Chemist: 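What follows is a structure written as structure tokens; I'll ask about it next.
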Amino acid sequence: MLKRYRKQFNILCFLVDLLAVTLCSVLAYWVRDGIGLNMFHLKPLFPISSYVPVFILAALALVGSLFAVGAYRVHPLTRLSTFLINNAKAVLLTLVLTLALAYVLRLNFVSRTLVILFLSLFLALSSLFKYWLSLGFAFQTKTGSLVRVLVIVGCTARARQIAELVLAHREWGLSLRGFFSERKGGGSPQDMEAMQRLGLPCLGMASDLPRAMEREVIDAVVFAVDSRSLRNFEDLCLTCEDMGVDVLIAANLFPHLISNIRFEQLDEIPVLHFTTTPQDQVALFIKRLLDISGSLTALILLSPLLLLFMALIRMTSPGPVFFRQERMGLNGRRFTLYKFRTMVKDAEKIKENLSHLNEADGPVFKIRNDPRITPLGRILRKTSVDELPQFWNVLRGEMSLVGPRPPIPAEVEHYERWQRRRLSMRPGLTCLWQVSGRSELDFDQWMKLDLEYIDKWGLALDLKIILKTIPAVLSGRGAA
């Protein structure tokens, strides 16, 4: 309830973008084939029916890019400049994706002028449409038609925190009327003073709430009380239910947990879901779509290079072309990871004789000048070309383009309990560790970077890591 207008606004933004995509497709074709043909003597286009798959492809890439840059996580009072910036980022990303896919799919008839015109029109129309939406929401908030009245039961630190949040976010469309103390005398003097400094009056004791709901407009009640005393308010919750007033519980059940809490229902059974992993199912679905399209495109475009290195490995040293190793994936799922072989045959058997040369701390085995590496293998490792076969693991769903690097089971056996949380996301080809120094970092720093990635994950972060990976790989910094 607290952010429902924000959700409604973002759903409307999505629908407006679909409308803008449709209008811009027709308008761009008409401008390019009409005005462009007559004024600039450009070549005539193929019939518009030929461009339907192109516009669908561009629309999918555009919507995915808008999700990636956070264009559907804005509040109703967003400025025009923010809409323009988000749309500009998405348009640039879409331009690259569309031209790349048009090349891969051999859509040679596609007019680059038409694509650029379509995206430019979308940038302008979408930004204006969404800004007009935000003005409409702002007007309705000022007139009170979107405002919902809220009261708090309790005078605690958590009650003050909720009050500060509601007062700081006008875009939520909430009006905080005041608070009811849970017992005579209210809370501590400090908490009472803090609530009064926020301009919130004490409306009485909790027992006065039913009469207040009969006399005044109250849309929702937030119970911000100690979890141990929550059971004392069951009758009040039932009264709110009888009167059709929403009830929100802000009890701090487990104060030391860092997990995000979600309410779910297993058929008729309500449950609280505590999780430390990302739960935005739309964003996670887009991440998987990007994994599939990205890995498939890479395998197709890089196939000549892959074949070349397969031949070179076969010619320069005896043994198989690929190195296969069991790794730990999402929540401990085991899978076979593929790499180009960079070591001599039976290198794993020789590893035991080299354990005294290990330079890495923690359960990881690393030797900077490993004698098992072949001359060609050293080049493959320095340039990270040996990792390219893992695009196959990404396509199969065992890995992602971005995520914590997959460990071997023997390493995981020596993890401390807090380090195992890095297995709670699908492993990836690249990660924060990969772009922050790789082998130059100690084991604990590596683990903390992986947990930081999980805690801060978003599609924009994935894109940032991918862009940083390119110079990191080209420089060979931290490669071992």
Side-chain angles (χ1 to χ4, degrees), residues 3-29 51-102 110 112 114-137 171 278-294 297 400-402 456-468:
K3 299 183 181 180
R4 73 173 189 171
Y5 293 128
R6 181 170 181 163
K7 291 179 180 177
Q8 290 174 1
F9 178 74
N10 283 288
I11 290 170
L12 285 174
C13 284
F14 174 73
L15 296 175
V16 158
D17 281 341
L18 293 182
L19 174 63
V21 164
T22 306
L23 291 175
C24 292
S25 301
V26 177
L27 189 59
Y29 185 89
Y51 276 91
V52 171
V54 178
F55 285 129
I56 291 174
L57 189 68
L60 291 173
L62 190 53
V63 171
S65 300
L66 286 164
F67 273 106
V69 301
Y72 301 126
R73 292 197 297 271
V74 295
H75 59 75
L77 302 183
T78 299
R79 296 178 178 178
L80 176 61
S81 58
T82 304
F83 292 127
L84 283 168
I85 291 169
N86 284 340
N87 283 347
K89 290 178 182 176
V91 161
L92 287 174
L93 185 57
T94 302
L95 180 62
V96 174
L97 288 172
T98 303
L99 294 179
L101 287 172
V110 174
R112 291 182 178 84
L114 178 63
V115 173
I116 293 171
L117 184 59
F118 162 71
L119 292 174
S120 300
L121 287 170
F122 177 84
L123 174 62
L125 277 183
S126 170
S127 301
L128 282 174
F129 285 168
K130 287 188 279 196
Y131 181 59
W132 291 337
L133 267 182
S134 72
L135 292 178
F137 266 77
E171 72 275 6
Q279 295 295 309
D280 187 340
Q281 298 305 315
V282 174
L284 289 170
F285 178 68
I286 293 172
K287 178 179 172 70
R288 182 61 193 141
L289 288 181
L290 293 174
D291 285 342
I292 294 170
S293 58
T297 303
S400 177
L401 292 176
V402 184
K456 296 181 178 179
W457 179 80
L459 293 171
L461 178 59
D462 275 6
L463 179 60
K464 182 179 178 181
I465 291 172
I466 289 172
L467 294 176
K468 283 188 172 183

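Note that the coordinates shown come from a computational prediction; the quantities given were computed from them, not determined experimentally.
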Chemist: Quick check: closest heavy atoms across Leu125 and Cys24, and the distance to 0.1 Å?
Modeler: CD1-SG, 3.6 Å
Chemist: List for me each residue that meets side chain to side chain contact (heavy atoms under 4.5 Å, CB included) alongside Ser134, sequence neighbours excluded, and say none if there are none.
Modeler: Phe9, Phe83, Tyr131
Chemist: In terms of heavy-atom contacts, does CZ of Arg288 have more than 12 from other residues, nucleotides or ligands at under 6.0 Å?
Modeler: yes
Chemist: Give the intermediate values and the outcome of side chain to side chain contact (heavy atoms under 4.5 Å, CB included) for residues Leu66 and Asn86.
Modeler: CA-CA 7 Å; Leu66 286 164; Asn86 284 340; 5.6 Å; no
Chemist: Which heavy atom of Val402 sits nearest to which heavy atom of Lys287, and what is that distance?
Modeler: O-NZ, 3.0 Å
Chemist: Roughly how far, to the nearest 0.5 Å, is CG of Leu18 from CG of Leu23?
Modeler: 11.0 Å
Chemist: Check the pair Thr94 / Phe118 against side chain to side chain contact (heavy atoms under 4.5 Å, CB included), numbers first and verdict last.
Modeler: CA-CA 11 Å; Thr94 302; Phe118 162 71; 5.9 Å; no
Chemist: Provide the closest heavy-atom pair for Ala59 versus Val21 in the form atom of the first, atom of the second, distance.
Modeler: CB-CG1, 3.6 Å
Chemist: Under the side chain to side chain contact (heavy atoms under 4.5 Å, CB included) criterion, do Val282 and Phe14 qualify, and how do the steps go?
Modeler: CA-CA 13 Å; Val282 174; Phe14 174 73; over 6 Å; no
Chemist: For Trp457 and Asp462, what are the C-alpha separation, side-chain angles and deciding distance, and is it a side chain to side chain contact (heavy atoms under 4.5 Å, CB included)?
Modeler: CA-CA 8 Å; Trp457 179 80; Asp462 275 6; 3.2 Å; yes
Chemist: Is there a donor-acceptor pair under 3.5 Å between the side chain of Ser293 and the backbone N or O of Leu290?
Modeler: yes
Chemist: List the atom of Ser400, the atom of Asp291, and the distance in Å for their closest heavy-atom pair.
Modeler: OG-OD2, 2.8 Å
Chemist: May I ask you to test the Leu117-Leu121 pair for a side-chain heavy-atom distance under 4.5 Å?
Modeler: yes
Chemist: I need the Asn87 CG to Thr82 OG1 distance, nearest 0.5 Å.
Modeler: 10.5 Å
Chemist: Looking only at non-hydrogen atoms, find the nearest pair between Ile116 and Leu95 and report the distance.
Modeler: CG1-CD1, 4.1 Å
Chemist: Can you name the closest pair of heavy atoms from Ser127 and Leu84 and give their distance?
Modeler: OG-CD2, 3.3 Å
Chemist: For the CG atom of Leu12 and the CD atom of Gln8, what is their distance to the nearest 0.5 Å?
Modeler: 7.5 Å
Chemist: Give, for atom CG of Leu459 and atom CG of Asp280, the distance between the pair rounded to the nearest 0.5 Å.
Modeler: 7.5 Å
Chemist: Are Phe122 and Asp17 packed together at the side-chain level, in the sense that at least one heavy-atom pair is separated by less than 4.5 angstrom?
Modeler: yes
Chemist: Backbone N or O of Thr78 within a donor-acceptor pair of the Lys130 side chain at under 3.5 Å?
Modeler: no
Chemist: To the nearest 0.5 Å, what is the distance between CZ (Phe129) and CG (Leu15)?
Modeler: 13.0 Å
